[in-house]
Amino acid sequence: RRRPAFAFAMVAAAVALFAAMLAVSFPGSRSAIADFFGVEGSQVERLPTPPPGVTPTPFPPASDLPRTARPASLSEIAQALGFAPALPDGYGVPEEAFLVDYDGETVSILRYAEFDLWQTRPRSSISFGKGLPGSVILLEITVSGEPAYFIEGGAHIVAVFDEAGREIPGSERTVARNTLIFSTDRAFYRIETDLPRLDALRIAETLP
């Protein structure tokens with residue numbers, strides 16, 4: 001049996017290799033990669049299914065926040081993003097707010113009781129790569145008429161990649177909650193939540 005640390009390294013390497021292969025297939029164009037998947041700023045890979053009789057090594061414990069997230073006020077977030085963070089209608093100000101820096105790109109995380117709302121500027125130089133086990137469900141849907149993904153049904157791996165397709169060290173983590181991913185002209189969004197898809201969509205459709 002593989003050691004857990006080695007197995008996790010292999011998962012992360014698989015995600016990184018997948019992004020690199022796409023970058024070669026679509027030379028010099030991160031937006032081409034995004035268009036291939038339908039949601040700019042997001043890349044998705046199905047992780048290999050273990051052979052029959054082989055027990056897959058569990059993912060590391062889930063983490064709702066990146067290790068490098070730091071508390072911030074809404075005014076600090078607005079200054080860092082270059083625009084005021086969008087607040088979902090009917091929820092008011094978040095209970096907590098955080099900033100994360102990924103290779104010079106700023107991402108904000110607004111924490112509400114039922115969900116975390118991630119946002120960064122559209123067409124940024126980073127992208128979120130996701131490694132999904134076969135048991136996890138990936139739905140291609142729309143938010144306000146624009147392409148979106150909804151991930152549900154179990155834990156998956158998320159890592160952040162730079163413009164060249166290289167994984168940003170320390171960015172990988174396990175996400176155990178449902179995730180809605182979409183982009184608008186104003187921002188790239190992720191909603192991580194235990195809410196079902198329709199409730200997550202109602203929140204998303206209030207965002208500009």
Side-chain angles (χ1 to χ4, degrees), residues 1-2 4-5 7-19 21-22 33-34 36-67 69 88 91 100 107 109-120 127-161 167 171-184 188-207:
R1 293 183 61 183
R2 296 176 178 172
F8 177 58
M10 292 297 291
V11 169
V15 175
L17 176 62
F18 181 69
M21 290 172 62
L22 285 176
I33 294 174
F36 178 80
F37 283 100
V39 178
E40 186 170 1
S42 184
Q43 306 167 16
V44 179
E45 180 198 17
R46 281 290 183 187
L47 299 177
T49 300
V54 175
T55 301
T57 302
F59 286 160
S63 172
D64 290 341
L65 286 175
R67 296 193 304 271
Y91 287 90
V100 188
V107 178
I109 306 171
L110 307 184
R111 305 205 76 177
Y112 293 88
E114 297 178 313
F115 59 91
D116 289 351
L117 173 60
W118 296 52
Q119 53 192 300
T120 189
S127 59
F128 288 79
K130 283 155 282 294
L132 308 185
S135 59
V136 171
I137 298 169
L138 173 66
L139 300 175
E140 296 185 55
I141 58 175
T142 61
V143 172
S144 300
E146 296 298 325
Y149 288 134
F150 190 72
I151 300 170
E152 64 181 353
H156 60 279
I157 291 289
V158 174
V160 183
F161 295 85
E167 182 182 333
S171 67
E172 67 274 355
R173 64 191 182 94
T174 301
V175 177
R177 298 191 291 175
N178 300 335
T179 306
L180 176 60
I181 305 155
F182 62 104
S183 185
T184 70
F188 170 80
Y189 297 103
R190 290 171 50 86
I191 296 176
E192 296 183 2
T193 181
D194 291 321
L195 293 172
R197 174 168 52 93
L198 292 180
D199 289 342
L201 277 170
R202 290 187 188 101
I203 295 167
E205 289 172 349
T206 72
L207 298 169

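Worth knowing before you read on, the calculation uses all heavy atoms, side chains too, and leaves out hydrogens, waters and symmetry mates. Here the structure is a predicted model, which is why all the values come from computation and not from measurement.
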| message | Within the 4.5 Å heavy-atom criterion, are I109 and D64 side-chain neighbours or not? | response | no
| message | Quick one, R190 and V158 - any side-chain contact, counting heavy atoms below 4.5 Å? | response | yes
| Sequence neighbours excluded, which residues qualify as side chain to side chain donor-acceptor pair (under 3.5 Å) partners of Q119? | none
| request: Would you give the length of the straight line joining atom OG1 of T174 to atom NE2 of H156, rounded to the nearest 0.5 angstrom? | output: 9.0 Å
| request: On the 0 to 90° scale, with breaks at 30° and 60°, tag the F115-Y91 ring pair as parallel, tilted or perpendicular. | output: perpendicular
| Test item: E152 and L139 side chains (from C-beta on) under 4.5 Å apart, heavy atoms | yes
| field | Note, I151 side chain near L132 side chain (heavy atom, < 4.5 Å) | value | yes
| side-chain contact (heavy atoms from CB on, under 4.5 Å) with A200: which residues, sequence neighbours excluded? | F150, L180, T193
| message | Between R173 and E192, does any NZ, NE, NH1 or NH2 come within less than 4.0 Å of an OD or OE carboxylate oxygen? | response | yes
| request: Check T206 against I203 and note the closest heavy-atom contact, atom names and distance. | output: OG1-O, 2.8 Å
| task | Answer whether the closest heavy-atom distance between the side chains of I181 and F188 falls below 4.5 Å. | result | yes
| With D116 via side chain to side chain donor-acceptor pair (under 3.5 Å) - residues at least two apart | R111, R177
